Each structure stands twice: as structure tokens, then as C-alpha cells.
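Keep in mind that what you see is a predicted model, and the values were worked out from it rather than measured.
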2 protein chains.
Amino acid sequence: MNTPVEASPTALPPSEHDHQKCVSTALGTAEHLCVVRGVQLTPIRHQVLELIWESHKAVKAYELLDRIKPLQSAAKPATIYRALDFLIEQGLIHRVESLNAFVGCSSSGHQHEQLLLICKHCHEVEERPATAVMQALSQEFDQAGFIVHSKAIEIHGICVKCVALGDD
Amino acid sequence: MNTPVEASPTALPPSEHDHQKCVSTALGTAEHLCVVRGVQLTPIRHQVLELIWESHKAVKAYELLDRIKPLQSAAKPATIYRALDFLIEQGLIHRVESLNAFVGCSSSGHQHEQLLLICKHCHEVEERPATAVMQALSQEFDQAGFIVHSKAIEIHGICVKCVALGDD
DNA sequence: GAGTTGACGTTATAATATAACACCCGATTT
DNA sequence: AAATCGGGTGTTATATTATAACGTCAACTC
Ligand SMILES: [Zn+2]
Ligand SMILES: [Zn+2]
Ligand SMILES: [Zn+2]
Ligand SMILES: [Zn+2]
């Protein structure tokens with residue numbers, strides 16, 4: 001019961017939802033965390049984060065490059081990759097390994113390394129804490145004697161919204 | 001053979017183990033499955049599978065390309081990627097998404113989409129069924145209304161062998 | 001024996017990512 | 001103030017990973 005500020009950023013992910021709120025919450029949290037941590041959310045980094053949050057879909061690095069050029073005409077691959085590295089380090093975005101793409105983290109500052117549910121139809125990515133899964137995983141690691149550094153749990157399929165639409 | 005055909009292919013993964021047995025079991029199983037399925041384990045595909053099984057480490061596509069050239073001097077990227085596509089389709093290898101690399105499947109023909117434990121120190125990949133985890137996952141998907149097509153569960157850290165050696 | 005299919009050869013290029021070095025600027029030190 | 005330092009960025013080049021497109025050949029089929 002510790003954080004009043006970051007109540008429930010994007011509990012429901014893709015639906016008819018107030019996406020402006022997703023964006024403003026994500027950016028607000030990011031700004032706050034960076035101040036607290038004494039790291040710089042520079043204009044470039046902020047813009048990249050904003051571009052990533054334009055939707056709940058995972059975005060490719062070169063797509064971001066194209067989209068940031070109107071704002072940063074000098075942008076080159078390194079520009080984007082450096083911003084992405086920063087945002088990942090700060091836990092503000094996730095890299096989706098199985099897509100070589102990036103998606104906003106909807107629980108920045110909270111528990112990380114959640115499940116990613118990736119819809120093949122609408123391409124949106126839903127993040128879920130899945131505590132039961134994580135507990136089972138911990139037991140598995142203990143059994144295996146494996147010391148975890150990081151997890152990538154990426155599930156591809158059809159999201160509930162698209163299932164409802166009959167797209168499978 | 002003194003054991004039933006697919007008894008325990010590589011239950012223990014990286015240790016002082018009879019790796020020749022890993023290899024011959026994997027290749028034998030592959031040959032058998034391809035016959036049963038009426039698909040062709042051509043020389044190129046067989047060689048690629050063999051090269052992948054040289055160790056329990058995940059191997060890069062271009063590494064395979066270099067290593068197959070002595071045998072197939074005409075080999076080009078497409079040669080390798082086509083063989084890899086086939087082997088993945090047949091469930092004989094896994095693509096390790098977070099490494100852009102490939103590793104032999106130690107339970108070909110059995111249940112798939114297991115946990116991959118990837119050691120940052122020795123780079124070996126251990127595959128585990130982790131049934132408790134998979135059950136918890138299924139429940140999670142039911143709750144989310146998500147229809148699964150495929151899973152990539154990749155855990156990075158230090159394996160039990162390297163922990164024992166004090167490398168963490 | 002014409003048509004179809006699957007595997008492979010070959011060339012080219014696309015897509016993803018990093019290395020290396022230079023410059024700027026603001027903060028700290030002298 | 002001058003020197004120093006570090007973080008962020010600009011810039012060029014290159015490395016790494018992956019696919020597209022088209023041709024050939026051999027086997028199988030009708
Ligand atoms: Zn939203
Ligand atoms: Zn969907
Ligand atoms: Zn072995
Ligand atoms: Zn290890």
C-alpha cells in the first residue's frame with residue numbers, strides 16, 4: 001500500500017478506452033520517476049516514449065525513426081536506439097523480443113517482467129502481472145537451481161477483443 | 001538400443017554427460033519423425049540439425065552458414081534459413097527469440113513450448129516442461145479470454161552448473 | 001509428356017543494430 | 001577564469017539478421 005500516485009495506469013489495455021489517459025499517465029509517471037532517480041528524460045527520449053505510446057501496439061525502431069524525423073530532423077538509427085536503451089533501463093518500455101519491437105510499460109516503477117499477450121490480429125500487446133504464473137516460475141527456478149536475471153514471457157495469439165469479433 | 005525409442009532424450013542438459021547420446025538420440029528421433037510425417041530430412045537439413053546439436057548452446061544462423069560451407073560450398077543465407085524454417089516447423093529445433101539464435105529441441109515430438117533457461121555464463125540452454133507453470137499460464141489465458149497460438153518463455157540467468165562454479 | 005510440386009541455387013536487398021569518434025554544454029574542480 | 005569531466009547527441013560507417021524474387025532440376029501425377 002505504498003504508492004498513491006501511480007494507482008492503476010493501464011489496467012485494461014485495448015478496448016474502447018480513454019487512451020489519452022493512458023498516454024498522460026505513462027508520460028506523467030515517466031517524468032516523475034526520472035526526476036526521482038536523477039536521470040534525464042530529455043526531449044528526444046520524451047518524444048520517443050510519446051511515439052511508443054501512440055498505441056498499445058509494439059513499434060519497430062525504424063518506424064520510430066521515421067516518425068520522429070519531423071521533430072528531430074537529425075535523427076539517425078543511433079538516436080532511436082540510444083533513447084530506447086534509456087527507456088528500457090528505466091523500465092519505461094519493454095522490448096518485445098519475438099517481434100524486435102517496443103511497447104510502453106503499463107506498470108512502470110512497479111513489478112516488472114510480466115506476461116505479454118500479443119494479438120496476431122490487432123497487434124496490441126497486453127501486459128499482465130500473472131502472479132500465479134510468476135510464483136510457479138519461481139518454484140521452477142528453485143528446483144532447477146537457476147538464478148534469474150531477466151524474463152521474457154511472450155504469448156502470441158488472439159486477444160479477447162478480436163475473439164469477440166470472430167477473428168481467429 | 002537398450003531403451004524405448006524416445007525415452008529420455010536430454011532430461012539432464014548441460015553437465016558432464018554423454019553428449020554423443022544427445023546427438024544420436026536427437027538425430028534418430030528427427031529421422032524417425034520425418035519418415036512418419038512424410039517430409040524430407042534432406043542432407044542439408046540433416047547437416048544443419050547436426051551442427052545445431054554440436055552443443056547445448058543456441059547457435060546463430062550465420063554461424064551455421066560458416067560451419068556448413070565446408071560441406072555445402074554453395075550455401076548462402078537462404079540455404080540456412082530454409083533449413084531452419086523446416087526444422088522449426090517440424091518441432092526439431094527452437095528459435096530463441098531473445099538471442100536471434102537456434103537450439104535443438106530436446107523433446108521433439110512431445111509437448112512443445114517449454115521453458116527455456118538460458119545461461120549468461122556458459123550460454124547453454126535448458127528446456128524444461130514446467131507443467132505447473134504451464135497450468136498457471138492456461139488459467140491466465142482463460143481469465144484473459146486470450147487464445148494462444150504460440151509461447152516464447154525465455155529466462156536469462158545463471159545455470160546451476162555455473163552457480164556451483166561461483167560464476168554469477 | 002505436360003503440369004505440378006518441393007527443394008535448392010543464386011542474386012539482390014531489406015530490416016535490425018552497433019561501433020567509433022567528434023562535438024557541445026553544463027557542472028565541478030583548480 | 002581555465003581546465004576538466006561526463007552525459008547527451010551528431011555523424012559516418014559498418015555489422016548482423018533476414019527475406020524477396022526468380023531460375024533450375026528432379027520426382028511424381030494425370
Ligand atoms: Zn490506451
Ligand atoms: Zn486483437
Ligand atoms: Zn548433450
Ligand atoms: Zn551456465
Sequence neighbours excluded, every pair satisfying side-chain hydrogen bond (donor to acceptor under 3.5 Å, both in side chains) that has a member inside residues 74-84 of chain B:
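The answer is none; no pair qualifies.
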
Which whole-number value in Å describes the distance from [X] [atom1] to [N] [atom2]?
X: Asp85(B); N: dA7(C); atom1: CG; atom2: P; result: 12 Å
X: Tyr81(B); N: dT13(C); atom1: OH; atom2: P; result: 19 Å
X: His46(A); N: dG8(D); atom1: NE2; atom2: P; result: 16 Å
X: Ile68(A); N: dT9(D); atom1: CD1; atom2: P; result: 10 Å
X: Phe86(A); N: dG7(D); atom1: CZ; atom2: C1'; result: 11 Å
X: Gln40(B); N: dC28(D); atom1: CD; atom2: C1'; result: 11 Å
X: Lys60(A); N: dA14(C); atom1: NZ; atom2: P; result: 16 Å

State whether Tyr62(A) places a side-chain N or O below 4.0 Å from either non-bridging phosphate oxygen (OP1 or OP2) of dA15(C).
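Result: no.
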
Under 4.0 Å between a side-chain N or O of Asn100(B) and OP1 or OP2 of dA18(D)?
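True: Asn100(B) side-chain N/O within range (under 4.0 Å) of dA18(D) OP1/OP2.
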
So which protein nitrogen or oxygen atoms get under 3.5 Å of nucleotides 9-11 of chain C's nitrogens or oxygens?
| residue | atom | partner | partner atom | Å |
| --- | --- | --- | --- | --- |
| dG9(C) | N7 | Arg82(B) | NH2 | 2.5 |
| dG9(C) | O6 | Arg82(B) | NH1 | 3.1 |

Would you say the ring centroid of His17(A) lies under 6.0 angstrom from that of His56(A)?
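Yes, the ring of His17(A) comes within the 6.0 Å limit of the ring of His56(A), centre to centre.
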
